[in-house]
Each structure stands twice: as C-alpha cells, then as structure tokens.
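None of these values were measured; they are calculated from a predicted model.
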Amino acid sequence: MEQIHQIRCCNVNCFLLTKGEAGILVDTGRSAHRGTILAACKPYHISLIVLTHGHIDHAQNAAFLSQALHCPVAMAEEDVELLTDNLVQPLKSRGLFGKLLLSISLRSMERDLIESFTPAVLLKDGASLQDYGIDATILSLPGHTKGSIGVDAGEAGVIVGDALMNFLSPTISLLYHDKQALLQSAQTLSALGPRQVYFGHGKPAANRSWV
C-alpha cells in the first residue's frame, strides 16, 4: 500500500508518496530547505513532482529538484501564471491570524522569486498517478488559488496543499482567492470520508466535516 511521508521544512510541509522504491514528491518548499528535501528523496525513485499550487513556499524548489531528481513537474494549468507572479491571483484572509499570515505572505511574494521552469504535465481533476507507480488520484480543490489541487491516496490519506490548514487548529484555509470555491473544495474533502489529512501547513489530522 502507498505511504505518505511528511518532510517538514520550517512551517511548510512537503510529502513523499511512496510504494516500495517508487515515489512522487508533492510540493517543494523554499530554497533554504532544498537539501533536506533532496536527502529525503534519495532512497526512492522519484518519477514525478506534483505541486498542489503555485505559491512560492510550495514551488520555489521545483526547478532545482526536477533537475536533481531527473523527473518532470506537474500542476494544474490554472496556477501556471503564479510561477512568474504570485500576486496575479489576489488573496484575502479570514480572522486576525489570517491577516497576519496574509501580510507575511505578501511580503514574501513581492520579494522572492521562483526559478523559471515549465511544468511538463498539466493535471486535471480525477487524473490517475498510476503511470508514475503510485495508486493515487488528483483532486481539484480551487479556492486558495484557481488551480489548487490535492492528491488522494485512499487509505494512506489525502494531501490537501493549502485548501485546508492546521496552524492553530485544523480548518479551511485562512487565505483564499475565491471564498465560494474554497468552501466547495472543503465539502469535496469532507465527502471523502475517513482519511488522514496531510496539510501544507501543520500536523496531519483526521478528515471531518470542514464547513
């Protein structure tokens, strides 16, 4: 059965989705943590890098790791525009902590860059990852960004990127581009039933009714 391994990169999580020696890397963190991520990948044959969305804290190492691991990068087409400008999809926030988080995020988006690359694979809702050695399915989870996606590995769990967050407690994302789409994505995740949920930020938690 597939297994999900969390790679902690300060306050951002990347994940290895593995089956035996086969593996897929989900998200790539910031440049300061590229060595940590690369070391975690070394025991496996990584055939694909999946980006849950195009924000810098999840995508900054994509070009470097793609070259180092000799594998393509995949993401939703709707988020490709974020790779050259994280501000092109404006964000709003929920609550006081959300406002603080938004302020920190915007400063990074204005200052930091994602090394240029072109995704070789454009993922859509329901796409299978079996061709890459992993029995998992792509979930379309728009709202945080236009092209936010998750990876559902059934009993192993579901990786949700920033559609949900667990900074202070498990909840729907504190930052969003489209609130209604975010709420619908949360309902999509709730409908999966019992799963361990792996967040882009925070510790894993059990799936539940999110709205």
query = Is there side-chain contact between Phe64 and Ser31, with at least one heavy-atom pair below 4.5 Å?
reply = no
remark   = CZ (Phe117) and CG (Asn61) are apart, to the nearest 0.5 Å, by 10.5 Å
key: Test item: Asn86 side-chain N/O and Gly54 main-chain N/O as donor-acceptor pair under 3.5 Å   = yes
message = Tell me whether Ile4 shares a hydrophobic cluster with Tyr44, the cluster being built from Ile, Leu, Val, Met, Phe, Trp, Tyr side chains joined at under 4.5 Å.
response = no
task = For the pair Asp85 (side chain) and Leu87 (backbone), establish whether a donor and an acceptor sit closer than 3.5 Å, ignoring hydrogens and angles.
result = yes
query = Is it true that the side chains of Thr18 and His5 contain a donor and an acceptor less than 3.5 Å apart?
reply = yes
request  = Could you point out which residue of Glu81, His55, His53 forms a side-chain contact (heavy atoms from CB on, under 4.5 Å) with Gln89?
outcome  = Glu81
message = Show the nearest heavy-atom pair for residues Arg30 and Asp112, with the distance to one decimal.
response = NH1-OD2, 3.4 Å
query = Is the backbone of Tyr198 close enough, under 3.5 Å, to the side chain of Asn13 for a donor and an acceptor to pair up by distance?
reply = no
key: Test log, rule side chain to side chain contact (heavy atoms under 4.5 Å, CB included), inputs Leu51 and Asp79   = CA-CA 10 Å; Leu51 300 180; Asp79 265 17; over 6 Å; no
query = Any donor-acceptor pair under 3.5 Å linking the side chain of Asp152 with the backbone of Thr137?
reply = no
inquiry  = Between Ile24 and Ser47, is there a side-chain heavy-atom distance shorter than 4.5 Å?
reply    = yes
query = Would you find a donor on one side and an acceptor on the other, under 3.5 Å apart, between the side chain of Ser190 and the backbone of Trp210?
reply = yes
task = Apply the side-chain contact (heavy atoms from CB on, under 4.5 Å) test between Arg94 and each candidate in Leu175, Ile172, Leu101; give the one that qualifies.
result = Ile172
query = Transitively linked via ILVMFWY side-chain contacts under 4.5 Å: Tyr176 with Val160?
reply = yes
ask   = At what distance, to the nearest 0.5 angstrom, does CG of Leu16 lie from SG of Cys41?
value = 4.5 Å
request  = Compare all side-chain heavy atoms of Val151 with those of Ile138 and state whether any distance is below 4.5 angstrom.
outcome  = yes
Ser108 side chain to Ser105 side chain, donor-acceptor N/O pair below 3.5 angstrom = no
query = Do Ile49 and Cys71 touch side chain to side chain, with heavy atoms closer than 4.5 Å?
reply = yes
key: Side-chain donor-acceptor contact under 3.5 Å, Ser173 with Asp162   = no
query = Has the side chain of Arg195 got a donor or acceptor atom that lies under 3.5 Å from a matching backbone atom of Glu155?
reply = no
request  = Give the intermediate values and the outcome of side chain to side chain contact (heavy atoms under 4.5 Å, CB included) for residues Lys146 and Asp178.
outcome  = CA-CA 8 Å; Lys146 293 179 182 178; Asp178 183 329; over 6 Å; no
Side chain to side chain, Leu25 and Ile7, heavy atoms closer than 4.5 Å = yes
ask   = Atom CZ in Arg111, atom CG in Leu106: separation rounded to 0.5 Å?
value = 11.5 Å
ask   = Does Asn166 reach the side chain of His201, with side-chain heavy atoms less than 4.5 Å apart?
value = no
query = More than 12 heavy atoms of other residues, nucleotides or ligands under 6.0 Å from CZ of Arg208: is that the case?
reply = yes
ask   = Passes ring pair (Phe, Tyr, Trp, His ring centres under 6.0 Å), His45 versus His70? Steps please.
value = CA-CA 10 Å; His45 172 66; His70 308 289; 9.8 Å; no
query = Less than 4.5 Å apart, any side-chain heavy atom of Gln60 and any of Thr28?
reply = no
ask   = How close do Thr52 and Gly161 get, heavy atom to heavy atom, and via which atoms?
value = OG1-CA, 3.5 Å
Contact summary for Ala76 and Ile149, nearest pair of heavy atoms = CB-CG2, 3.9 Å
request  = Please report the closest heavy-atom contact between Ile114 and Leu83, naming both atoms and the distance.
outcome  = CB-O, 3.7 Å
task = Would you check, one step at a time, whether the test side chain to side chain contact (heavy atoms under 4.5 Å, CB included) holds for Tyr132 with Val50?
result = CA-CA 11 Å; Tyr132 301 94; Val50 173; over 6 Å; no
inquiry  = To check you understand the geometry: which heavy-atom pair defines the closest contact between Ala186 and Leu164, and what is its length?
reply    = CB-CD2, 4.5 Å
request  = Mind checking the OG-NZ spacing from Ser93 to Lys99? Nearest 0.5 Å is all I need.
outcome  = 6.5 Å
ask   = Going through the distances and angles, do Met75 and Val80 end up as a side chain to side chain contact (heavy atoms under 4.5 Å, CB included)?
value = CA-CA 8 Å; Met75 65 188 300; Val80 172; 4.2 Å; yes
query = To the nearest 0.5 Å, how far apart are CG in Leu192 and CG in Asn207?
reply = 6.0 Å
message = Same cluster or not: Leu182 versus Leu139, using hydrophobic residues (I, L, V, M, F, W, Y) connected whenever any side-chain heavy atoms lie under 4.5 Å apart?
response = yes
task = Following the transitive rule for hydrophobic clusters with a side-chain heavy-atom cut-off under 4.5 Å over Ile, Leu, Val, Met, Phe, Trp and Tyr, establish whether Met165 and Val158 coincide in one cluster.
result = no
ask   = In Å, rounded to the nearest 0.5 Å, how long is the span from CD of Gln187 to CG of Leu189?
value = 10.5 Å
inquiry  = If hydrophobic clusters are built from ILVMFWY residues whose side chains come within less than 4.5 Å, do Val26 and Leu48 share one?
reply    = yes
request  = Applying side-chain contact (heavy atoms from CB on, under 4.5 Å), name anything that partners Glu21, two or more places apart in sequence or on another chain.
outcome  = none
Test log, rule side-chain hydrogen bond (donor to acceptor under 3.5 Å, both in side chains), inputs Thr188 and Ser185 = CA-CA 5 Å; Thr188 295; Ser185 293; 5.5 Å; no
message = Using every non-hydrogen atom in the two residues, find where Phe15 and Phe199 come nearest and quote the distance to one decimal.
response = CZ-O, 3.2 Å
request  = Could you tell me whether the side chain of His33 reaches within less than 4.5 Å of the side chain of Cys10, counting heavy atoms only?
outcome  = yes
